[in-house]
Amino acid sequence: MSTRVLFVCLGNICRSPSAENIMNHLVQQRQWADRVSCDSAGTASYHVGNPPDRRMAAAAKEFGITLKGQARQFDPTDFDRFDWILAMDNQNYRDILARDGTKSYSHKVKLMCDFCRTHTDTEVPDPYYGGPEGFTYVIELLLDACDGFLDQVIGHVATP
Ligand code: 4NP
């Protein structure tokens, strides 16, 4: 059975779809596509149904990664449907846990940057209101975090 991973940010049009598509790219490179399945969601509903932000897609393209997907909002049923729920920033982390009425899923919820190995950031910064360099930085950071996450999950345990 594959490990199911959900990436979560605020709008699900910049950071979490990037993480999802970067992870799919890495698992394909390593021929692990049958062992990891990915999805992404936003804590907010503003952009539901929208494709990834075009500035985010342009930055990803520079790294050879095509962003696919349509925004959706995080749903409490996601707690059961995924093994790992990776939050991009501290606010996302709090908003996810606030939807856990049973208070029984906190072991599945982690910060994406916990898996970084070369960056010291603790959060993936929100690039939405900034310039193009912010979008490029998000891709660099997520490549580091996703690579570290994959090594940990595939190398060690299948569930948190
Ligand atoms: P994301 O970025 O959470 O990485 O998808 C944002 C997208 C939209 C907004 C903020 C952040 N917004 O305010 O509409």
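Numbering starts at 1 and runs along the sequence shown. Just follow the structure's listing: the first ligand is 1, and inside any ligand the first atom is 1. Atom set for the values below is all heavy atoms of this structure, side chains included, hydrogens, waters and symmetry mates excluded.
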> Is Gly11 close to ligand 1, meaning an N/O of one under 3.5 Å from an N/O of the other?
Replying inline: yes
> Do the numbers put Arg55 on top of the ring of Tyr128, so that NZ or CZ is under 6.0 Å from the six-membered ring centre and no more than 45° off the axis?
Replying inline: yes
> Taking non-hydrogen atoms only, is Asp53 closer than 4.0 angstrom to ligand 1 via side chain, backbone, both or neither?
Replying inline: neither
>> Asn12 versus ligand 1: do any nitrogen or oxygen atoms come within less than 3.5 Å of each other?
In response: yes
> Can you check whether Tyr137 reaches Pro127 side chain to side chain, under 4.5 Å on heavy atoms?
Replying inline: no
>> I need the nearest protein heavy-atom contact for atom 13 (O) of ligand 1: residue, atom name and distance, please.
In response: Tyr129 OH, 3.3 Å
> Just by modelled atom types, is the Cys116 backbone N or O under 3.5 Å from a matching donor or acceptor in the Asp144 side chain?
Replying inline: no
> To which protein heavy atom is atom 4 (O) of ligand 1 closest, and what is the distance rounded to 0.1 Å?
Replying inline: Arg15 NE, 2.7 Å
>> For atom 14 (O) of ligand 1, what is the closest protein heavy atom, and at what distance to 0.1 Å?
In response: His47 NE2, 2.9 Å
>> Check this for me: Tyr46, atom OH, are more than 12 non-hydrogen atoms of other residues, nucleotides or ligands nearer than 6.0 Å?
In response: no
> Does a side-chain heavy-atom distance below 4.5 Å link Val138 with Met88?
Replying inline: no
> Looking only at protein heavy atoms, which one is nearest to atom 1 (P) of ligand 1, and how far off is it?
Replying inline: Cys9 SG, 3.5 Å
>> Heavy atoms only, cut-off 4.0 Å: how does Asp126 contact ligand 1, side chain, backbone, both, or neither?
In response: side chain
> So with a 6.0 Å cut-off around CD of Gln31, is the heavy-atom count from everything else above 12?
Replying inline: no
>> Within ligand 1, which atoms have a heavy atom of Cys14 less than 4.0 Å away?
In response: 1 (P), 2 (O), 4 (O), 5 (O)
> Sub-3.5 Å donor-acceptor pair from the side chain of Asp100 to the main-chain atoms of Tyr105, do we have one?
Replying inline: yes
> What's the shortest distance from atom 7 (C) of ligand 1 to any protein heavy atom, and which residue and atom give it?
Replying inline: Tyr128 CD1, 3.5 Å
>> I need the atoms of ligand 1 closer than 4.0 Å to a non-hydrogen atom of Tyr46, numbered in the order shown.
In response: 14 (O)
> If you measure from SG on Cys146 to CE on Met23, what distance do you get to the nearest 0.5 Å?
Replying inline: 4.0 Å
